[in-house]
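Here's the structure we're looking at; comments come further down.
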Amino acid sequence: MPESEETGRSGGSGEDAGHAESHGALGPRLNWLRAAVLGANDGVVSTAGLVMGVAGATTSRSALLTAGLAGMLAGSLSMAVGEYVSVSSQRDSERAALRQEQRELAEDPAAELAELAGFYEAKGLPAPLAREVAVRLTERDPLAAHAEVELKIDPEELTSAWQAAWASFVSFTVGALCPLLAVLLLPAAARAPGTAGTVLCALLVTGLLSARLGGAPPRRAVLRNVLGGGLAMAVTYGVGVGLGAAGV
């Protein structure tokens, strides 16, 4: 293959290589940002529902503080444990798949090379070019080449379960502080509407962020977020008022 043609296919200039590298680094970062936004959103909605329910039943700040802190801690720990278990299971599956691929490469490298070429041929490359691409990638790093095409895994960027757990814990806590501080700091007369307004503003922000990170239409994401959170607060507040009126 002529050198110029090879250079063009492999990325060419250093600028193109840097561009590809920046996209590779951006993917994991976006995943963490999405997880953080979703965790914060869960913290806002669940804690708002809890404190609004208690606020409907009582004006006691100590009761609101106890319920809010308990809900925030329980939710943060639940999110962290759930994320740790989920990511650990995913990571175990990815490692098992990589070990299996490594065994197949060691036992029958010729068949694996043909398989890799077949993947590129199925994507539209002519058979000779698909074969050449497979050979070049196999010479560089056979496991990475197969993992990327077959398993959609980067062996060097497996997700950390502990990082995922801490990110969920922190983001949920930050989100939960929004309704908790609002309901504690506002006077009793303005507590319910003020907390609701604060929460809806926070949900508007998290809806915009999630839409932007996911490339979705912002209006629909924000509307869905605000309506869902508003409904949760209305229901729990109504239940709290009912229970308070009943003397429960």
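Here the structure is a predicted model, which means the values were calculated and not measured.
Side chain of S168 to main chain of A80: no donor-acceptor pair is present (N/O by atom type, distance under 3.5 Å, no hydrogens or angles).
With a 4.5 Å cut-off on side-chain heavy atoms, R191 and L64 count as touching. Counting only heavy atoms from C-beta outward, the side chains of V241 and L243 never approach each other to under 4.5 Å. E121 has its side chain out of reach of R131: every pair of non-hydrogen atoms, C-beta onward, lies at least 4.5 Å apart. Between L137 and Y120 there is a side-chain heavy-atom pair separated by less than 4.5 Å. For the pair M79/D42, a side-chain contact is recorded, criterion being any heavy-atom separation below 4.5 Å from C-beta on.
Note: N225 CG to T206 OG1 = 4.0 Å, rounded to the nearest 0.5 Å. Here the OG-CZ distance, from S78 to F172, works out to 7.5 Å after rounding to the nearest 0.5 Å. For the atom pair CD (E94) and OG (S89), the distance works out to 11.0 Å, reported to the nearest 0.5 Å. Distance check, rounded to the nearest 0.5 Å: OG of S46 to CG of N41 gives 9.5 Å.
Under the 3.5 Å distance criterion, with hydrogens and angles disregarded, a donor-acceptor pair is assigned to the side chains of S60 and S62.
Taking all atoms of both residues into account, the shortest heavy-atom contact from T195 to P179 is CG2-O, 4.0 Å.
Using a cut-off of 4.0 Å between Lys/Arg side-chain N and Asp/Glu carboxylate O, E107 and R103 are scored as not salt-bridged.
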